[in-house]
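Just so we're clear, the structure is a prediction, and the values are computed from it rather than from any experiment. What you see below is based on every heavy atom in this structure, not just the backbone, and it leaves out hydrogens, waters and symmetry mates. Atoms within each ligand, like the ligands themselves, are counted from 1 in listed order. For the single chain, residues carry numbers from 1 onward in sequence order.
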Amino acid sequence: MNILIIGSGGREHALAWKMAASPLTDKLYCAPGNAGIAQEAECAPLDVSDHTAVIAFCKEKKIGLVVVGPEVPLCAGIVDDLEGAGIKAFGPTKWAARLEGSKGFTKDLCKANNIPTAAYERFKSVGPAKAYVRKTGAPIVVKADGLAAGKGVVVAETVQEAEAAIDMMFGGGLGSPAWEIVIEECLVGEEASFFALCDGETAVQLASAQDHKRVGDGDKGPNTGGMGAYSPAPIMTDAMNKRVMDEIINPTVRALARAGAPYKGVFFAGLMITKDGPKLIEYNVRFGDPECQVLMLRLMSDLVPALLAARDGQLKNFDLRWYPDAALTVVMAAKGYPGNYNKGSVIEGLEAAAQIEGVEIFHAGTKTEGGKILANGGRVLNICARGKTVREAQTRAYAAVDRIKWPDGFCRRDIGWRAIEREK
Ligand code: AMP
């Protein structure tokens with residue numbers, strides 16, 4: 001069948017790489033794509049917020065399945081519109097995508113279904129929100145409802161910091177004034193990302209991962225979209241994975257089905273593993289970026305039938321196989337990221353880097369011009385590697401990084417440190 005991937009980052013490059021290898025794939029398209037994705041798929045310069053144009057493209061190219069990478073089109077209802085036009089699409093409906101699009105929706109769903117998560121309250125104005133943090137004290141977490149590209153969360157160490165976050169969010173500091181915020185208990189423990197496919201009734205566990213959100217070595221400096229990741233997460237033992245399925249994922253699947261909006265797509269649960277067990281920090285309704293890259297490297301089975309089975313309600317008895325190896329990815333970003341950075345610098349040495357055993361390079365933000373690869377975003381490349389251990393994967397990934405000639409780029413040098421300490 002012909003397949004269309006929506007998106008343009010490293011996540012979509014990894015999906016394209018995996019799906020291009022499937023015997024079920026005839027022709028693979030990606031909209032809008034990037035220079036790396038163009039090696040696996042034909043890139044189509046579509047405006048993906050124009051659902052009519054996407055539908056027209058799918059009809060013209062006889063697309064049998066659309067796989068939506070990012071959350072913005074999902075929350076805008078692209079799956080509803082495609083399915084309404086008779087085109088199969090992998091991902092949740094607009095209603096179900098509120099799991100990511102609205103923190104208040106998800107917190108209420110957790111409360112109603114005894115899904116372990118931080119204690120919380122929802123607020124629509126400054127006064128009661130500030131009164132609440134003064135009463136509860138710090139540390140405390142302030143979150144804007146709605147998508148905020150990872151910027152809508154403040155973990156406040158003091159009451160003053162929490163009050164400033166409340167003023168900032170209601171005052172339009174995130175672009176437009178928040179219409180609602182959630183204030184919640186600060187959880188203590190180790191974070192992990194957990195992934196599962198769901199067909200509306202049945203959820204199938206994928207793999208776990210851990211990422212590094214801070215820009216600098218030692219997990220210091222401002223938050224980013226993610227500077228690296230590895231899989232599996234050592235803290236996610238078989239017993240812990242089972243608890244997450246039993247206590248968090250499956251109750252969510254049942255609750256959404258009962259509400260008449262069965263969830264189809266991928267669950268990406270951000271977890272805090274506390275001394276009382278796993279607690280949900282947040283749901284995302286798509287693969288993580290860069291977590292998807294390490295998941296795809298470890299997935300032995302064909303991804304296309306798995307995504308089709310999720311779309312078709314056929315995941316019961318579906319089994320996925322994984323390589324026992326670890327995988328790790330180092331993000332190379334443009335100097336200045338996550339603040340201001342320049343676009344257009346030349347990147348060389350990618351072919352030599354990709355020759356290192358176990359290494360796979362995905363492009364997150366690149367374009368081609370005059371036969372050269374140019375940086376075209378903040379996060380630009382994902383240097384990924386498989387290895388018998390996280391340590392081996394890390395050694396290979398950094399050996400590849402060192403072959404890349406890109407003076408305007410940088411990366412962290414310690415991706416995977418937590419897992420490697422455990423391996424010692
Ligand atoms: P989110 O966008 O909800 O994933 O939050 C971003 C980051 O903020 C998470 O990855 C956590 O590190 C942190 N965070 C969010 N909620 C909490 C919480 N209740 N307790 C502690 N840390 C949190």
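Classification of the His212-Tyr230 ring pair by plane angle, with boundaries at 30° and 60°, yields tilted.
Heavy-atom distances between Gly270 and ligand 1 stay at or above 4.0 Å for every pair. For the ligand labelled ligand 1, residue Lys143 lies inside the 4.0 Å heavy-atom shell.
When side chains are defined from C-beta on, Lys130 counts as touching Asp167, because their heavy atoms get closer than 4.5 Å.
Near Glu184, the atoms of ligand 1 lying under 4.0 angstrom from a non-hydrogen atom of the residue are 16 (N), 17 (C), 18 (C), 19 (N).
Under 3.5 Å, the side chains of Asp219 and Trp417 contain a donor-acceptor pair of N or O atoms. A side-chain donor from one of Thr252 and Tyr283 sits under 3.5 Å from a side-chain acceptor of the other. With hydrogens and angles left out, the side-chain atoms of Gln293 and Glu360 include no donor and acceptor closer than 3.5 Å.
When Val141, Val155, Leu280 are ranked by how near their heavy atoms come to atom 13 (C) of ligand 1, first place goes to Val155. Distances from atom 7 (C) of ligand 1 to the heavy atoms of Leu187, Leu271, Val153 show the closest one on Val153.
Of the N or O atoms in Glu185, one or more lie within a sub-3.5 Å distance of an N or O in ligand 1. Remark: ligand 1 and Ile281 share no N or O pair separated by less than 3.5 Å (distance only, no angle test).
Residue Glu191 is tested with Ile281, Ile235, Leu271 for a side chain to side chain contact (heavy atoms under 4.5 Å, CB included); the sole match is Ile281.
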